[in-house]
Amino acid sequence: MGFLLTLVLLVVTLAVAWRFLGSYMASVFEGRVRWLWWVERPIYRLLGTSPDKEQSWKRYAGALVVFSGMSILLTYLVLRLQGHLPLNPQHLGDVGSALSFNTAVSFVTNTNWQNYGGETTLSYFSQITLTVQQFVTPAVGIVAAIVVVRGFARRKASAVGNFWVDLTRCLVYVLLPVAFVAGIVFVGQGAVQTLAGTASFHDALNGVTQTIARGPIAFMESIKQLGTNGGGFLNANSATPFENPTGLTNFLSIFLVLCIPVSLTYTFGQMVGSRRHGVALLAVMAILFGSVLAVTATAEHQNNPAVAAAGVPSSVGNTEGKEVRFGDTSSALFGVASTSTSTGSADAAYDSFTPMGGFGLLVGMMLGEVSPGGTGSGLYTLLLYAVIAVFIGGLMIGRTPEFLGKKIQATEVKLAGLGALVMPVTVLVVTALAVSTSAGRAGALNHGPHGFSEILYALTSQGNNNGSAFGGLTGNTPFYNVIGALDMLLGRFAIMIPAIALGGSLASKDVVPQSLGTFRTDNTMFVGLTTGVVVIIGGLTFFPALALGPIVEQLSHGRFF
Amino acid sequence: MWTHLRRSLAMVVICTLVFGFLYAFVGTGVAQLLFPHEANGSIGPNGSTLVGQNWTGRDWFHGRPDDTGPYAANPTTHVSGGDNPLVANGVRGESGATNLGPRSKTLVADTKALVAYWHRLGVAHPTPDLVTTSASGYDPDISPADALVQVPMVARATGISPRRLKTLIARQTHGPEWGFLGSSYIDVLSLNEALARLRGLSS
């Protein structure tokens, strides 16, 4: 009953965000929001640019790639030099080169995969530097999606916008205000926000002396969730009470990760002049999200097979690796929201989810992070799938396919195909590489099919820029640090750049008038077709791998490894 | 290219100053002003109500098994310590879970060892929370059912009647936030502080 009410509240709050945050973001990117012009304008002056200087898609993508490269370089340097920098009350040393590279790539690709425990590895200076990327990378994802949206909205245009202006507006008008307000709520509920270092105390009742890690956690927490980043201050992420103290902050976290990806479908509808098209994309996201949630929540409400085998019955679901204040179904909802949005934060140990619970989390990522996906990346990836769906639909009825009046021709289909295939190919190739080398196999904690799932999960998570983990895998080895970084780079830029190119190509086209023979792209048929394309591409490519991991684990009744 | 590089460098520096340091410092200032107790870790005289502690002996309510407590790797009790046996001088390193999979032989063995641990304390039917470890590794809370199964143990050891202990548990139970977000829970430290007052010990 409580879970049902939680779902109702989530749907209602997301509906409000969809309508109002969605139209607000459209106004921001159309330059109609000005209330922070006094922050905006000095930034343009320092960069030597202005809103009326628009760029071609190539210059736009070039600026984005160079900016991301610069971010990786400077983040890497901060981690390498940590021991010599201020704000380091625990006197932690420099971070090693392989781990620094993996971590810098991880935060700049919006993945937030963490091969380290934050409280014992990173100084406050380093954590704050990573928080910068937690603001910047969701903004980069959103502006890339806006380029694709403008591709549909503009006619015979050679320019797609100004990267620096879009980036600044997204940061200043969307991410900063929401993250700041949410940060205050996190602190009010008990999340820690201090620069005073660790705290020690002695409990006279039981004689226990404890030293606990603290830090500027609460305000990192809010942008970690809002920007679908996922990388927390502490090793156990949102499971620790200092990051996620109550059932209310747990709900707020779930809302924050979903609100921008969901609302962007409204932004899309408004900017292309057809809200129905936005609703159609939202429907695809909701169908996929609901299906995965049903599987994982049902599975986690069962007892853990190992606990049952030890003779302990459970009426409160799988409690291994879960916090009492959240319970089984809320933890499942958090897990699905986090893995379906490229967030990767965790309020429970995903490694200890039941086989089918873990299966749901893997599927949420393997569908390409489109349900609803990361901030911006969810929308542009889904639009790539929608172009493929339009193409297939056009072939079936024997007409030149069109989407919102734009002809879908060879260039568009090639770009969409490339964007849709990069992720499965990368993930399967690096997984095959990991399981066929001793360096790869050495990392797994669990034996049997679950050990394989740990490796598959890690590389799927990085290839989709999710960042969550089946935590048993020892990832801080040169092998996993390097292979994971390549996986993350391809999963980010080999999809984002084709998407921006698609936007550029579409923007240059004129609109074809609708006729009776036009294939409709805003009705139930189209929703079904697009959902089918997502499921078939994700499902068929990953089914054999899933069969070797969670599926065989589920079917191994009575066997333990 | 040079324009891109120059603007990238400028933008990374601006973002580091505004979204890194200014954001963290202003956030810390606001947090310390509005919620000083929470922002510093909810620390009372005996520790933080948000960090679980290891309670031993039958005269206290116990929290969930933990890397610093009964779940510490120990060959004599056949406990593996899971993925995170990082305990030095009783001080844990990182937060974290066991990360043992649902069909792990080690998890079966650990759960059996924890059942035996409760049997030694005189708790015949420990609840699932009490024989499994949490995700953070220091869950500060237990459910009301987890507290109720410990009542006979605590009653025998302290001489306080089970009825009074049950009233104490009821008073210490927090419902889900807003009545439905999350689950009912009891903070073990607060529960034991209340128990100490009942026993006439100074907390």
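Labels below follow one simple rule: chain letters A, B, ... track the order of the sequence lines, proteins then strands, and each chain is numbered from 1.
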Go through [options] and name the one with the most non-hydrogen pairs under 4.5 angstrom from chain B.
options                                    : value
Gly183(A), Pro355(A), Gly358(A), Ala348(A) : Pro355(A)
Pro241(A), Ala309(A), Gly327(A)            : Pro241(A)
Leu130(A), Ile43(A), Leu46(A), Leu5(A)     : Leu5(A)
Ala349(A), Gly321(A), Gly247(A), Gly2(A)   : Gly321(A)
Ala469(A), Ser556(A), Ala308(A)            : Ser556(A)
Tyr350(A), Tyr124(A), Phe353(A), Trp164(A) : Trp164(A)

Examine whether an atom of [X] lies under 4.5 Å from a heavy atom of chain B, and if so say whether it belongs to the side chain, the backbone or both; otherwise answer neither.
X         : value
Thr194(A) : both
Ala179(A) : both
Asp347(A) : backbone
Ala63(A)  : both
Glu454(A) : side chain
Arg59(A)  : both
Leu171(A) : both
Leu87(A)  : side chain
Thr249(A) : neither
Pro313(A) : backbone

Against chain A, label Ile186(B) side chain, backbone, both or neither, depending on which of its atoms sit under 4.5 Å from a heavy atom there.
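For Ile186(B), no heavy atom lies under 4.5 Å from chain A.
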Residues from residues 11-20 of chain B approaching chain A under 4.5 Å (heavy atoms):
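Within residues 11-20 of chain B, the residues under 4.5 Å from chain A are Met11(B), Val12(B), Ile14(B), Cys15(B), Thr16(B), Phe19(B), Gly20(B).
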Given the options [options], which has more heavy-atom pairs under 4.5 Å with chain A than any of the others?
options                                    : result
Ser184(B), Ala135(B), Ala31(B)             : Ala135(B)
Ser104(B), Ala10(B), Gly44(B)              : Ser104(B)
His125(B), Met1(B), Lys112(B), Arg64(B)    : Arg64(B)
Gly182(B), Gly27(B), Ser8(B), Ser42(B)     : Ser8(B)
Val131(B), Thr111(B), Asn192(B), Leu181(B) : Leu181(B)

Can you tell me how far [atom2] of [Y] sits from [atom1] of [X], rounded to the nearest 0.5 angstrom?
X         : Y         : atom1 : atom2 : result
Ser71(A)  : Leu9(B)   : OG    : CG    : 10.0 Å
Glu38(B)  : Phe186(A) : CD    : CZ    : 14.5 Å
Leu50(B)  : Ile212(A) : CG    : CD1   : 8.5 Å
His62(B)  : Asn206(A) : NE2   : CG    : 10.0 Å
Ile128(A) : Phe25(B)  : CD1   : CZ    : 5.0 Å
Trp178(B) : Thr246(A) : CH2   : OG1   : 10.0 Å

Mind checking whether [X] and [Y] have side chains closer than 4.5 Å, heavy atoms only?
X         : Y         : value
Ser143(B) : Val316(A) : no
Phe180(A) : Val30(B)  : yes
Phe560(A) : Pro102(B) : no
Lys105(B) : His447(A) : no
Leu47(A)  : Arg6(B)   : no
Glu177(B) : Gln189(A) : yes
Ser134(B) : Lys322(A) : no
Pro45(B)  : Phe201(A) : no

Report the C-alpha distance between Phe3(A) and Phe180(B) in whole Å, list the side-chain angles of each, state the deciding distance to 0.1 Å, and finish with yes or no for ring pair (Phe, Tyr, Trp, His ring centres under 6.0 Å).
CA-CA 7 Å; Phe3(A) 185 55; Phe180(B) 62 92; over 10 Å; no
With distance as the sole test, does [X] use its side chain to make a donor-acceptor pair with the main-chain N or O of [Y] at under 3.5 Å?
X         : Y         : answer
Asp139(B) : Val324(A) : yes
Arg214(A) : Gly41(B)  : no
Asp351(A) : Leu100(B) : no
Arg103(B) : Ala306(A) : no
Tyr23(B)  : Phe219(A) : yes
Gln210(A) : Gly52(B)  : yes
Glu323(A) : Ser136(B) : yes

Phe125(A) ring center near Phe21(B) ring center (under 6.0 Å):
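When the ring centroids of Phe125(A) and Phe21(B) are compared, they turn out to be within the sub-6.0 Å range.
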Residue pair Leu34(B), Ile184(A): steps toward the side-chain contact (heavy atoms from CB on, under 4.5 Å) verdict
CA-CA 9 Å; Leu34(B) 294 179; Ile184(A) 296 174; 4.1 Å; yes
Assess the residue pair Asn40(B) and Val192(A) against the criterion (side-chain contact (heavy atoms from CB on, under 4.5 Å)); give the C-alpha distance rounded to whole Å, side-chain angles, the decisive distance to 0.1 Å, and a yes or no.
CA-CA 6 Å; Asn40(B) 289 312; Val192(A) 169; over 6 Å; no
Partner of Gln53(B) by side chain to side chain contact (heavy atoms under 4.5 Å, CB included), out of Leu205(A), Asp203(A), Thr209(A)
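With Gln53(B) as partner, Leu205(A), Asp203(A), Thr209(A) yield a single side chain to side chain contact (heavy atoms under 4.5 Å, CB included), made by Asp203(A).
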Going through the checks in order, is the side-chain contact (heavy atoms from CB on, under 4.5 Å) test met by Asn99(B) and Phe470(A)?
CA-CA 7 Å; Asn99(B) 285 320; Phe470(A) 265 15; over 6 Å; no
Thr28(B) versus Gln193(A), side-chain donor and acceptor atoms under 3.5 Å:
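Their side chains do contain a donor-acceptor pair, which is all the 3.5 Å distance test asks for.
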Heavy-atom closest pair, residues Arg325(A) and Pro140(B):
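Scanning both residues completely, I find the closest heavy atoms to be NH1-CD, 4.3 Å.
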Check the pair Trp118(B) / Val312(A) against side-chain contact (heavy atoms from CB on, under 4.5 Å), numbers first and verdict last.
CA-CA 12 Å; Trp118(B) 286 104; Val312(A) 180; over 6 Å; no
